[in-house]
Amino acid sequence: MKINNVVVIGSGTMGSGIAAHLCNADISVTLLDLKTEISRSARDRILKSKPPLLFDKSKVNNIKIGNINDDFDVVKKADWVVEAVVEKINIKHEIYEKIFKNRKEDSIVSSNTSTIPLKALSEKLSSKDKKDFCITHFFNPVRYMGLLEIVRNESNDNKKINFLKRFCESSLGKGVIICGDTPGFLGNRIGVYAMQVAMTEAIKMRLSVEEADSIFGRPMGIPKTGVFALYDLIGIDLMADVLKSFIKELPKNDEFHNVVKDIEIVSKLIKSGYTGRKGKGGFYRMKKTEKGKTLEVLNLESGEYSPVKKIDLKVDKVDLKKLINREDKYGKFAWSVLSKIIKYSSSLIPEITKEFNDIDEALRLGFNWSKGPFEMLQEIGPQDFFKKIDDFQDNEFLKNLHDSKEEHFYDRRQKYTDIETLGKIKSNAIKIDKNKSAEIFRFQDFNIVEFTTKANALDYNSMDALKKATDKPLIIINESMQFSAGVNLNYVMDFVKKKDFKSVEKFIKYFQETCKHLKYCDNPVISAPSGLALGGGEEVLLQSNFVVSHTNIVMGLVETIVGLVPAGGGCKEMLWRWSQTSEGKKDPDYAPLKVFDIIGYAKTASSPQEAIPLMFLRNEDKQIMNRNNLLTEAKILIKENKKFTPPQECKFKLSGEQARRKMYKILDKLYQEKKILEHGLEVGKELAYVLSGGKTDLNKELSENDLYNLELESFMKLAANSKTQERILHTLTTGKPLVN
Ligand code: NAD
């Protein structure tokens with residue numbers, strides 16, 4: 001069996017996302033819709049998608065397009081046909097009739113349905129065709145959501161299903177969970193229930209939209225879209241359709257029915273065209289005024305909009321025990337929602353899956369929760385949970401857990417895959433050290449550092465952990481979403497506010513010292529990023545000996561956005577990389593000007609393919625489609641580098657004034673054209689100072705330490721600049737950079 005050629009039928013949100021991702025995997029794909037114009041506009045949408053669905057835009061032409069009348073013959077050659085047309089069973093049945101008349105013998109056919117049971121979809125198929133037909137339920141956006149549920153039933157050829165699973169794991173990088181044919185499968189059954197509970201409880205407890213989203217969000221390890229903003233994102237009308245199908249499919253006594261009763265405000269929103277972000281707005285809306293845009297929020301009782309209020313719950317880390325035991329309304333809401341989700345999920349074992357662990361994984365991969373309901377129960381602790389909860393006697397799972405008096409019922413993560421992942425091996429590792437920002441694990445012949453702060457922002461402790469862990473080969477990897485969003489600016493600003501610039505300097509020096517140590521210590525250092533690797537996070541990568549990168553990354557040195565320059569070796573390392581190109585060897589100003597352009601504009605790459613031309617990654621760095629494989633690949637590098645010799649220290653010849661003048665010219669033009677203002681000019685000049693080598697000329701040789709010093713000098717000057725401070729504070733309070 002092999003899959004080299006795929007046809008996707010239906011080129012809407014999901015069909016186009018699936019086609020784009022197949023194209024990322026270099027699989028030949030044809031996208032068919034009712035009319036070729038529809039698939040063509042889908043292909044255009046793929047190109048414009050944000051965040052991008054493609055690793056590399058140039059690949060878009062690999063997606064062939066057509067229509068189901070003139071071009072259906074492509075199905076004859078397809079190894080896999082994916083149906084992703086509208087959620088209407090009669091339309092799907094018509095398509096299957098056509099597919100099975102034309103398909104290649106033994107090919108796989110699947111539907112992307114969210115809500116129609118496999119049994120109903122396949123009811124008109126012959127028993128031979130049923131063997132090859134299953135549901136492949138991808139999540140939106142396909143490139144970024146880790147979950148793929150493959151739904152099969154007793155009619156299926158298991159060998160084929162397992163083959164498809166392996167293919168989707170290795171070639172498409174998905175976390176594939178095999179599910180039975182039950183409504184909403186695993187992810188949506190619990191995920192949608194959770195959203196409905198959060199919404200109905202918020203309304204019952206008279207919480208505002210912002211209040212509900214700020215609790216049912218980060219403090220629970222759930223994305224910050226919470227419930228109402230997530231509703232807006234998915235589409236309030238689409239959610240209503242999903243709910244209708246749950247109502248139709250689920251038995252009358254299912255607890256789900258209690259949370260899907262008509263909610264007046266939701267029907268009102270849909271009727272008036274407020275269907276979420278794609279419509280006029282929803283629970284939130286952006287109001288344009290002469291002064292600019294204001295984010296407004298709906299009052300659930302009056303139906304009026306007013307500007308969003310920031311809710312500060314004073315929670316900086318997920319601590320479920322603390323959260324559910326809070327005496328205020330937020331604690332009550334958290335407990336009410338969490339306990340209901342745990343109760344509902346556990347009541348469905350073993351009906352929807354024998355492996356409760358798979359429910360957690362589905363929530364983590366499909367909804368980006370950091371823990372699923374069973375892990376949450378483990379975190380709260382069964383004893384404490386049972387002390388708080390009243391009736392659970394009709395829930396077999398909870399009753400057994402209660403009677404067993406087992407406090408540690410949770411065993412391993414990620415049972416759905418055979419791959420050896422960080423989540424799986426951590427429980428067997430020795431935790432040799434832990435501080436507020438990172439943990440060090442020891443395995444037989446290597447160490448792992450996992451950052452543990454919010455978005456893995458880096459501070460003195462993060463650096464300390466890295467430095468301490470280099471007594472063995474080191475892998476820097478983590479389970480959370482981001483590798484690192486950069487230096488912890490809150491940490492820096494706390495010193496700045498106290499005018500304690502000495503401490504800022506001490507931290508930056510330690511950052512530099514650690515990064516230099518990573519590069520030159522006797523043991524290989526491997527970074528294995530996924531998600532954001534920005535600013536300081538990117539500097540750690542740049543100075544690691546090897547990088548094993550997930551294909552979903554966002555990399556860049558973005559310090560200039562807040563009015564700073566990279567000072568952990570980012571300028572230095574980029575200069576070095578660009579100076580090693582053939583152009584860089586010929587022209588001493590080539591590398592400084594290239595890096596000036598990249599860092600000055602805070603350019604970012606959203607895939608390894610985009611990162612290599614910018615030299616954030618090197619050709620030899622590995623690109624990994626399945627995030628679960630990062631650890632295995634990093635371990636292979638350790639094995640291959642048993643006799644590791646650190647690189648030679650770099651030396652630089654920079655032209656100083658000469659290169660600086662060229663950069664000033666660029667800055668002047670931008671200033672004249674009002675593309676940058678006074679402060680931008682100041683930042684640009686500091687960057688120019690560093691990248692040109694400061695007070696040097698081509699006869700002098702600069703060491704890495706010289707460049708670190710230049711970075712530090714400019715960074716300190718800018719950190720003391722009130723405009724820079726204003727920019728940093730604005731970014732910290734709003735989560736968005738200040739424009740101009
Ligand atoms: P969509 O409305 O965006 O796109 C459906 C496409 O199907 C349209 O381009 C339409 O022109 C085309 N189409 C309709 N009839 C057709 C026919 N007879 N032949 C060929 N094309 C036809 O829908 P979507 O959101 O992409 O959903 C597609 C499927 O994926 C549905 O089964 C849905 O339940 C499921 N799904 C959706 C999501 C989501 O978030 N949108 C997530 C998971 C699964």
Side-chain angles (χ1 to χ4, degrees), residues 7-21 30-46 49 53 63 65-72 74-75 81-99 102 109-118 120-122 133-151 168 174 177 179 183-189 191-192 195 225 230-246 248-249 275-278 362 365-368:
V7 171
V8 179
I9 304 181
S11 65
T13 310
M14 295 310 292
S16 58
I18 296 166
H21 200 54
T30 309
L31 191 51
L32 300 181
D33 207 296
L34 291 167
K35 290 183 179 159
T36 306
E37 291 84 84
I38 307 179
S39 1
R40 183 170 295 115
S41 70
R43 199 168 60 182
D44 293 345
R45 251 191 353 258
I46 292 174
S49 55
L53 290 169
I63 305 176
I65 51 167
N67 68 71
I68 50 160
N69 298 315
D70 306 325
D71 306 297
F72 210 78
V74 288
V75 167
V81 182
V82 186
E83 170 274 305
V85 306
V86 280
E87 194 72 330
K88 296 241 161 66
I89 190 159
N90 53 340
I91 296 186
K92 291 194 192 265
H93 278 159
E94 275 171 32
I95 292 275
Y96 301 152
E97 199 185 332
K98 220 167 147 178
I99 294 174
N102 286 280
V109 182
S110 70
S111 169
N112 195 58
T113 183
S114 306
T115 60
I116 308 175
L118 179 59
L121 285 178
S122 60
F133 178 75
C134 64
I135 292 172
T136 46
H137 184 229
F138 286 90
F139 281 65
N140 185 33
V142 178
R143 172 180 167 188
Y144 295 96
M145 297 310 291
L147 182 59
L148 168 64
E149 293 173 310
I150 296 188
V151 183
C168 293
K174 294 295 156 205
I177 300 186
C179 313
F185 324 126
L186 301 186
N188 280 350
R189 178 76 170 269
V192 175
M195 288 173 71
T225 37
L230 182 59
Y231 240 88
D232 282 355
L233 185 69
I234 296 174
I236 302 175
D237 51 342
L238 202 107
M239 274 301 288
D241 288 342
V242 170
L243 295 181
K244 267 186 217 143
S245 118
F246 271 116
K248 181 169 159 256
E249 297 295 338
T275 51
R277 287 200 199 170
K278 64 178 175 186
L365 291 165
F367 285 77
N368 287 335

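Remember, it's 1-based here, ligands and their atoms both numbered in the order they're listed.
The side chain to side chain donor-acceptor pair (under 3.5 Å) test applied to N90 returns no partner, not counting sequence neighbours. Shown here are the ring pair (Phe, Tyr, Trp, His ring centres under 6.0 Å) partners of F185, two or more places apart in sequence or in another chain: H137.
Using a 4.0 Å cut-off between a side-chain N of Lys or Arg and a carboxylate O of Asp or Glu, K278 and D237 qualify as a salt bridge.
Protein residues having a heavy atom under 4.0 Å from any atom of ligand 1 are I9, G10, S11, G12, T13, M14, D33, L34, I38, I68, A84, V85, V86, E87, I91, K92, I95, N112, T113, S114, H137, F138, N140, listed by chain and number.
Scanning all heavy atoms of the two residues, the minimum distance from E249 to P117 falls at OE1-CG, 3.4 Å.
A side-chain donor-acceptor contact under 3.5 Å links E149 to the backbone of L186.
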Please tabulate, for the side chains in residues 139-146, all donor-acceptor contacts under 3.5 angstrom to protein atoms that are two or more places apart in sequence or on a different chain.
unit_1: R143; atom_1: NE; unit_2: N552; atom_2: OD1; d: 2.7
unit_1: R143; atom_1: NH1; unit_2: P52; atom_2: O; d: 2.9
unit_1: R143; atom_1: NH1; unit_2: L54; atom_2: O; d: 3.2
unit_1: R143; atom_1: NH2; unit_2: T551; atom_2: O; d: 3.1
unit_1: R143; atom_1: NH2; unit_2: N552; atom_2: OD1; d: 3.4
unit_1: R143; atom_1: NH2; unit_2: S606; atom_2: O; d: 2.6
unit_1: Y144; atom_1: OH; unit_2: P52; atom_2: O; d: 2.7

